[in-house]
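What follows is a single structure, written as structure tokens, with notes after it.
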Amino acid sequence: MNQVRTRFAPSPTGFMHLGGVRTALYAYLFAKKNGGKFILRIEDTDQERFVEGATEVIYDTLRDCGILWDEGPDIGGDYGPYIQSERKSLYLPYARELVEKGAAYYCFCTKEEIEERRAAAEARGEVFKYDKHCLNLSREEVQAKLDAGVPYVIRMNAPTEGVSTYHDLVFGDMSFPNSDCMDDMVLIKQDGMPTYNFANVIDDHLMGITHVIRGMEYLSSTPRYNFLYSAFGWEIPQYIHLTTVMRDAQHKLSKRDGDAYYSDFIRKGFLTEALVNYLALVGWNPGTDQEFFTMDELVQAFDVRHLNKSPGIFDVTKLEWMNSQYVQKMDFDRYLEMATPWFDKALAGKGMDYRRLAELMQSRTDIFSRIPEKIAFLAEMPDYDTAIFFNKKQKSDENVAKEVLPLLLPVLEGVSDWTEQSIHDAVMAKIPEWGKKNGAVLWPMRIAISGQESTPGGAFEIAYLLGKDETIRRMKESLEKLS
RNA sequence: GGCCCUGUGGUCAAGUGGCCUAAGACACCGCCCUUUCACGGCGGUAACUCGGGUUCGAAUCCCGGCAGGGUCACCA
């Protein structure tokens, strides 16, 4: 058997859709699992859609994700070029070959004429299909128009009867009546560029792609591709059609939701590893209970038999959980480095101990973008309702606070070496003297200096982070607030 | 609308005719740990879309309904 070769063929739009990342991932995993090659090909046949810097977005995203290609525009390979626009001159001869074989023909109908016929068909409640109008032109008529420079497209001469079948590795045997799935689709556009459909077949064949892995939206157009392969006498590749990644049961993840792009998630503070790990599990499972995978483990575990046939909903909540697991397990220094800009967002200029803060925050970080809101109280004392001094279990309430805070004040003022340990020791030494439970002292203290029921870290950690002056100031302010 | 695909808890999912009075994970709820929260530990609620078959036996096979999705471009 030939070496497995898969490809990811995105068009450069300037963004990488998560669905695309997943498709690329599976194509990569499949190739690697089978000791094959993964090829990156840029499909930019649509000149009108050209976006500056868009191919870099594709490179960067894939590289970040660890989806590395063996052949591609930037690194070359034996089957280049890997950018369709640079292959432009290659397609027309193939289209002509098809014309010679009777599997395609020149069409001189203008867009306007076709639009008219389409509108007319729709008015009659019919679905428009190109009517093979130009197929009836004689060889001489065609040549005459060509010589006269009349603009043309080349269309596929699709069969109108019969049934087309093929086998999909995920969906099994597929069968379509030709009257429904076939269409005289355009192969070469008026501008001389091939359509995506045509270029795809040519490129996949020329690049020796053995397994075509793509979204299931191509399920019903695959017979057309197969018609082309057959017309050329080429071997038809294996197909692996992937389900759609959905936002909810009705909608797929779309650009308009603002959270369909890889970059959106990175901006929000998701870790690439978590994102890739999670994405791998939407529509595929390892057949075991394992949920956390490195790329190598993914390669080992990947098996098309465990690819699902039903679409999966992208569950951000679960992604957040997975991300928090990755955050917790990540190297502390890396966490500190990544968290620092987010700390700055809330605490810029406060000169706080970021190292200590990071220690406290690492287990409390699900996604980085939520850090500022969690630590905002450190920058500025929130306006709070004194009712939160009440906590049944800690035996605390406003009256207890009024009693305990004044006791605490001199103790804190007496701490000369403002470390967590000394604050802790000083306070803890006094609590038994006051005849209080720890909670009855520490709950009010924490509320008094944080203004929040829950905080990352306890009273001593918060006090340390805040510094002596600020702690004392907040204590006094809260005491005032209570009376 | 034609054609095609899909249908297990709120979500991801295991399940390929008996091992299913249906696993695991997220979320949710409760308990424990704890100076709060988080982390962690333990436990709980919750599902085979419906109707017909086939079979000794069906979540698993067949048919139909229903629901959702995809596709019908000189876009990719």
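Throughout, a chain's letter reflects where its sequence line sits, starting with A, and its residues are numbered from 1. Treat the numbers as computed from the prediction; the structure is a model and nothing was measured.
Here A:F460 lies in heavy-atom contact (under 4.0 Å) with a base. Within 4.0 Å of A:Q328, counting heavy atoms only, lie sugar-phosphate atoms of the nucleic acid but no base atom. Nucleic acid contact for A:G458: base, since at least one base atom lies under 4.0 Å from a heavy atom of the residue. Residue A:A249 is in sugar-phosphate contact alone, with no base atom involved, counting any heavy-atom pair closer than 4.0 Å across all strands shown. Using a 4.0 Å heavy-atom distance criterion, A:V153 is classed as a base contact. Within 4.0 Å (heavy atoms only), A:Y218 reaches at least one base atom of the nucleic acid. Base engagement by A:T455 is indicated by at least one non-hydrogen atom pair under 4.0 Å involving a base atom. A:S164 comes within 4.0 angstrom of nothing in the nucleic acid, heavy atoms only. Here A:G287 lies out of heavy-atom contact (under 4.0 Å) with every strand. Using a 4.0 Å heavy-atom cutoff across all strands shown, A:Q452 reaches no nucleic acid atom at all.
Using the Watson-Crick or G-U wobble rule with both distances under 3.5 Å, B:C48 pairs with nothing in any strand shown. Across all strands shown, nothing is found opposite B:A23 as a Watson-Crick or G-U wobble partner with both distances under 3.5 Å. Under the Watson-Crick or G-U wobble criterion, with both distances below 3.5 Å, B:U35 is left unpaired in every strand shown. Checking B:A58 for Watson-Crick or G-U wobble geometry (two distances, each under 3.5 Å) identifies no partner in any strand. Nucleotide B:C42: paired with B:G30 (Watson-Crick or G-U wobble, both distances less than 3.5 Å). Under the Watson-Crick or G-U wobble criterion, with both distances below 3.5 Å, B:C66 is paired with B:G7. The pairing partner recorded for B:G2 is B:U71, the criterion being a Watson-Crick or G-U wobble arrangement whose two distances lie under 3.5 angstrom.
Of the listed nucleotides (B:A76, B:C74, B:G1), B:C74 has the atom at the smallest distance from the side chain of A:V186. Listed candidates were B:A76, B:C3, B:G69. Nearest to the side chain of A:F176 is B:C3. The nucleotide whose nearest atom lies closest to any side-chain atom of A:N197 is, among B:A73, B:C37, B:A76, B:A76. For A:R364, the listed nucleotide lying nearest its side chain is B:C37; candidates were B:C37, B:C74, B:C3. Proximity note for A:F171 (side chain, C-beta onward) versus B:C5, B:U11, B:A13: the nearest is B:C5. Residue A:W321 places its side chain closer to B:A27 than to any other of B:A27, B:C5, B:A76. Residue A:M174 has its side chain nearest to B:C4 when only B:U71, B:C74, B:C4 are considered. Taking only side-chain atoms of A:P177, from C-beta outward, the nucleotide of B:U35, B:C3, B:A73 with the closest atom is B:C3. Among the nucleotides B:U6, B:C74, B:U11, the one closest to the side chain of A:D315 is B:U11. The side chain of A:D289 sits closest to B:A23 out of B:C37, B:A23, B:A76.
Between B:G40 and B:U8, the two P atoms lie 29 Å apart (nearest whole Å). Going from the C1' atom of B:G9 to that of B:U45 covers 10 Å, rounded to whole Å. B:G53 and B:A58 are spaced 12 Å apart, taking the C1' atom of each and rounding to whole Å. On the C1' atoms, B:G2 is 43 Å away from B:C56, given to the nearest whole Å. Comparing the C1' positions of B:A23 and B:A47 gives a spacing of 13 Å, expressed to the nearest Å. Annotation: B:A46 and B:G41 have their P atoms spaced 24 Å apart (nearest Å). Across the P atoms, B:A13 and B:C72 are found 25 Å apart, a figure rounded to whole Å. Nucleotides B:C28 and B:C61 have their C1' atoms positioned 37 Å apart, rounded to a whole Å.
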Before you tell me yes or no, could you show the steps for A:E217 and A:K252 under salt bridge (Lys or Arg N to Asp or Glu O under 4.0 Å), namely the whole-Å CA-CA distance, both residues' side-chain angles and the distance that decides it to 0.1 Å? CA-CA 12 Å; A:E217 60 267 28; A:K252 40 180 164 180; 5.7 Å; no

Kindly indicate, with the supporting measurements, whether the criterion side-chain hydrogen bond (donor to acceptor under 3.5 Å, both in side chains) is fulfilled by A:N399 and A:E403. CA-CA 6 Å; A:N399 288 326; A:E403 180 192 346; over 6 Å; no

With a cut-off of 3.5 Å and sequence neighbours excluded, list every side-chain donor-acceptor pair involving residues 168-186 of chain A.
unit_1 : atom_1 : unit_2 : atom_2 : d
A:D168 : OD1    : A:V170 : N      : 2.6
A:D168 : OD1    : A:F171 : N      : 2.8
A:D168 : OD2    : A:H241 : N      : 3.1
A:D168 : OD2    : A:H241 : ND1    : 2.5
A:D173 : OD1    : A:H167 : ND1    : 2.8
A:N178 : ND2    : A:S164 : OG     : 2.5
A:D184 : OD1    : A:K132 : NZ     : 3.0
A:D184 : OD1    : A:A158 : N      : 3.0
A:D184 : OD2    : A:Y105 : OH     : 2.6
A:D184 : OD2    : A:K132 : NZ     : 3.0

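A close approach under 4.0 Å does not occur between any side-chain nitrogen or oxygen of A:Q250 and OP1 or OP2 of B:G69. When the side-chain nitrogen and oxygen atoms of A:N438 are compared with OP1 and OP2 of B:U34, none of them lie within a distance under 4.0 Å. A close approach under 4.0 Å does occur between a side-chain nitrogen or oxygen of A:Q325 and OP1 or OP2 of B:G40. The phosphate of B:A13 has neither OP1 nor OP2 within less than 4.0 Å of any side-chain N or O from A:K309. Look at A:H306 and you'll find a side-chain N or O under 4.0 angstrom from OP1 or OP2 of B:G15.
Between the side chain of A:K318 and the base of B:A25, a donor-acceptor pair under 3.5 Å is found. A donor and an acceptor atom sit less than 3.5 Å apart, one in the side chain of A:K393 and one in the base of B:U34. Put simply, the side chain of A:R446 and the base of B:U35 share no donor and acceptor less than 3.5 Å apart.
The neighbour count for A:E380 CD, taken as heavy atoms of other residues, nucleotides or ligands under 6.0 Å away, does not exceed 12. Remark: A:H205 NE2 is packed, more than 12 non-hydrogen atoms of other residues, nucleotides or ligands lying under 6.0 Å away.
Between A:E461 atom CD and B:A38 atom P there is a gap of 16 Å when expressed in whole angstrom units.
The residue among A:E453 and A:P194 whose nearest nucleotide of RNA chain B lies closer to the 5′ end is A:E453. Position along RNA chain B of the nearest nucleotide to A:Q190 versus A:S175 favours A:S175 as the more 5'-ward residue.
At distances below 3.5 Å, not a single donor-acceptor pair connects side-chain atoms of A:Y239 with backbone N or O atoms of A:R214.
A salt bridge between A:K481 and A:D383 is present, with a side-chain N of the basic residue lying under 4.0 Å from a carboxylate O of the acidic one.
A:Y326 and A:F292 have tilted rings, their planes meeting at an angle from 30° to 60° on a 0 to 90° scale.
Qualifying side chain to side chain donor-acceptor pair (under 3.5 Å) partners for A:S310, counting only residues two or more places apart in sequence or in other chains: none.
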